[in-house]
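Source: prediction; values computed, not measured. Start at 1 and go down the list; that is how both ligands and their atoms are numbered.
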Amino acid sequence: MIGIILGTRPEIIKMSPIIKECEEQNLDYFILHTGQHYSYEMDRIFFDILNLPQPEYNLDAGSGTHASQTGKIMLGIENVLLKTQPDIVLVQGDTNTVLSGSLVAAKLNIKVGHVEAGLRSFDHSMPEEINRIVSDHISDYLFAPTETSSQQLIKEGIEPEKIFVTGNTVVDAVYQNIKIAKEKINTLKDFHLFPKNYILVTFHRAENVDIKKRLEGIIIGLKLIKDYFSLPIVFPIHPRTEKMVEKLGLSLEGIDVIPPQGFLEFLQLEANAKFVLTDSGGLQEETCILRVPCITLRDNTERPETLEVGSNVLAGVNPLVILNSAKNAVKENNWSNPYGNGNAARLIVDICRLATKEKN
Ligand code: UD1
Ligand code: UDP
C-alpha cells in the first residue's frame, strides 16, 4: 500500500498526477491530508477542479509556529501510519507537511519516497531549505526532477541507487490541465483581460511578506512597473500576504488584487501573461513550461535550471532592479523545458510498485 501525504496547495497540484496514476493502475493507496492549508481556495477547490478523491484522513492541523504546526502534523501522521502500515509513504516538495511526513515514516521504518528531491537554494534562513535537506537525507527513494538535482544529492553523499531522475510532476499537471482549461473556461474574458496585455504577480514567501522593508520594496517595484508599462497587474493574493499587507499597514492601491484562483483559471492567467513576477517555486517551473518570461522576487533560487535556459531572472526586492528586470524581460521564448515530458508520475508510481513488491 502507498500512503500519499499532502497538505498545501502546491502539494495537491503536484501530487495530483500521482494520485491519478494510482487510480488508473487500480493500486492500493490512501491520501492523508494534513490540513496545513484549509481555506476553500487554498485546498478544497483543487480536489474539486482536479477531480481528486477525498482524502481518507484529514488531520486539520491548520496554521501555527513551525514547531507547533510540525508537531501537530507529526502526531496525526504517526496515528494514521501506525494504523495503516503502508509499504511506502510519498511526500512532495519542501513544506512542513513534507518534513513531518518523512520524519514520522522514517522513524516507523516505513520507506519514504521524496518527490522533487535534490532542490537547494543554499539559503538556510528559508524554512523550506531545512525541510528539503532533512527529508532528502532520510528518504529511501529520491525522485529528482533533473540531472542537476540528482547530482546535488550525490554531492551530499546520498547513494546513487536511491536516486531516480523522473522529471517534475508539475509538467504532468500542466499538460493534463491546460487543455481542459481551454475547453471549459475563459478566465481572461471573466477578468476583462487580453492576451499578453497584463502582468501576473504572486508572492507569499515568509522572507518577503513578513519583513516590512522587503514587502514594501516589492510593492513599490510593482507600482513602478505599472507606471512604466501602463498595463493591469493582476495579483491573486495568498492569504499570508493579504494578512501581512493589512498588519503592516501597506497599500496595494493600483494593483488588481483578486482572490487565489483555481488551477484551471490560474493556468490561463499564467499562460497568457506578458510576464510573471513571483517568489513561488511552482511558478518558476510553470512559466518555464508555458514559455512565459518569469522575474523572481528572491535573491536565490533552488530552480537554477530556469536561470540556465533563460526563462527566469532573479530580481530580489529592490524596486529599481525589479523594474529593470521587467524592462529586460526576454522577448525570445524558445527555451526548452528542463523538467521532463510529462511522464514523471508514471515513472514514480512504477518505482513505488516495485517497492511495494519488495516488501511483500
Ligand atoms: C506554505 C509553505 C511554503 C509554500 C506555501 C504554498 C512551509 C514552511 N511553508 O507557506 O513553502 O510555498 O505553503 O502556498 O511549509 N493561511 C490561510 N489559509 C490557509 C493557509 C494559510 O489563511 O489555507 C494563512 C494563515 O494566516 C497562516 C499563513 O497563511 O498563518 C501561513 O500559512 P502556512 O501554511 O504556515 O505557510 P504558507 O505561507 O502558506
Ligand atoms: N496557483 C493556483 N492559484 C493561484 C496561485 C497559484 O492554482 O491563485 C498554483 C500555481 O499554478 C502552482 C501552485 O499553485 O501550481 C504554486 O503554489 P504556491 O505559489 O502557493 O507555492 P510554491 O510553489 O511556492 O510552494
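With salt bridges taken as basic N to acidic carboxylate O contacts below 4.0 Å, none links E216 and K213. By the 4.0 Å N-to-carboxylate-O rule, E41 lies too far from R9 to be salt-bridged with it. With salt bridges taken as basic N to acidic carboxylate O contacts below 4.0 Å, one links R44 and D48. Using a 4.0 Å cut-off between a side-chain N of Lys or Arg and a carboxylate O of Asp or Glu, R214 and E207 do not qualify as a salt bridge. Ion pairing between E129 and R132 holds under the 4.0 Å rule for side-chain N and carboxylate O. Ionic pairing of D210 and R240 is present here: one or more N-O contacts between side-chain nitrogen and carboxylate oxygen are shorter than 4.0 angstrom. Using a cut-off of 4.0 Å between Lys/Arg side-chain N and Asp/Glu carboxylate O, R353 and E21 are scored as not salt-bridged.
In this structure, the side chains of L52 and I12 come closer than 4.5 Å at one or more pairs of heavy atoms. Between I180 and N177, some side-chain heavy-atom pair lies under the 4.5 Å cut-off. Between D43 and Q36 the shortest side-chain heavy-atom distance does not fall below 4.5 Å. Between L269 and Y198, some side-chain heavy-atom pair lies under the 4.5 Å cut-off. Side-chain contact between D256 and I233: absent, with no pair of heavy atoms (C-beta onward) separated by less than 4.5 Å.
Near H66, meaning under 4.0 Å from any of its heavy atoms, are these atoms of ligand 1: 8 (C). If you number the atoms of ligand 2 from 1 as listed, the ones under 4.0 Å from a heavy atom of F46 come out as 7 (O). Atoms of ligand 2 found under 4.0 Å from any heavy atom of P260, numbered from 1 in the order shown, are 8 (O). Those atoms of ligand 2 with a heavy atom of L283 less than 4.0 angstrom away are 10 (C). Residue M42 has at least one heavy-atom neighbour below 4.0 Å for each of these atoms of ligand 1: 23 (O). Close approach of ligand 2 to P236 (heavy-atom distance below 4.0 Å) involves ligand atoms 8 (O). For ligand 2, the atoms lying closer than 4.0 Å to a non-hydrogen atom of R205 are 22 (P), 24 (O), 25 (O). Numbered from 1 in the order shown, with element, the atoms of ligand 1 that lie under 4.0 Å from a heavy atom of S63 read 25 (C), 27 (C), 30 (O). Under a 4.0 Å criterion applied to the non-hydrogen atoms of F263, ligand 2 contributes the atoms 7 (O), 11 (O), 15 (O).
Checked by distance only, ligand 1 and Y38 come closer than 3.5 Å through their nitrogen or oxygen atoms. By the 3.5 Å distance cut-off applied to N or O atoms, N131 is not counted among the residues near ligand 1. Note: an N/O pair closer than 3.5 Å links N96 and ligand 1 by distance alone. At least one N or O atom of E128 sits closer than 3.5 Å to an N or O atom of ligand 1. For ligand 2, none of its N or O atoms has an N or O atom of T202 under 3.5 Å away. The shortest N or O to N or O distance between F266 and ligand 2 is not below 3.5 Å. For ligand 2, the polar-atom distance check against D279 finds no nitrogen or oxygen pair separated by under 3.5 Å. Taking only nitrogen or oxygen atoms, main chain and side chain alike, Q261 reaches within less than 3.5 Å of ligand 2. Where the criterion is an N or O separation shorter than 3.5 Å, residue side chain and backbone included, R9 meets it with respect to ligand 2.
When hydrogens are left out, the protein atom nearest atom 23 (O) of ligand 2 is G282 N, 2.8 Å; that is the closest non-hydrogen contact. The protein non-hydrogen atom at the shortest distance from atom 20 (C) of ligand 1 is H37 CD2, 3.3 Å. The protein atom (non-hydrogen) at minimum distance from atom 12 (C) of ligand 2 is E286 OE2, 3.2 Å. Protein heavy atom at the shortest distance from atom 21 (O) of ligand 2 is P10 CG, 3.4 Å. S280 OG, 3.8 Å is the protein heavy atom nearest to atom 16 (C) of ligand 2.
Contact annotation: R205 has at least one heavy atom less than 4.0 Å from an atom of ligand 1. Under a 4.0 angstrom heavy-atom cut-off, I13 registers as being in contact with ligand 2. The shortest separation from a heavy atom of K14 to ligand 2 is not under 4.0 Å, leaving the residue out of contact.
At a 4.0 Å heavy-atom cut-off, ligand 1 touches S39 through backbone and side chain alike. The side chain of P10, and not its backbone, has at least one atom closer than 4.0 Å to an atom of ligand 1 (non-hydrogen atoms only; side chain from C-beta on).
Between F235 and F203, the angle of the ring planes stays under 30°, which puts this pair in the parallel group of the 30/60° scheme. Ring orientation note: the planes of Y141 and F164 are close to parallel, at an angle under 30° on the 30°/60° scale.
Taking only non-hydrogen atoms, the option from E11, Q36, H204 nearest to atom 5 (C) of ligand 1 is H204. When the options Q69, R44, H238, E41 are ranked by their closest heavy atom to atom 35 (O) of ligand 1, first place goes to Q69. Comparing K243, E242, R240 against atom 37 (P) of ligand 1, the shortest heavy-atom distance belongs to R240.
Under a 3.5 Å cut-off, the side chain of T169 and the backbone N or O of K14 do form a donor-acceptor pair.
Judged by the 6.0 Å distance and 45° axis criteria, K327 is positioned over the aromatic ring of Y228.
With respect to N312, the side chain to side chain donor-acceptor pair (under 3.5 Å) criterion is satisfied by exactly one of T278, T306, T287, T301: T306.
Separation of atoms CG (D299) and CE (M126) is listed at 10.5 Å; rounding is to 0.5 Å.
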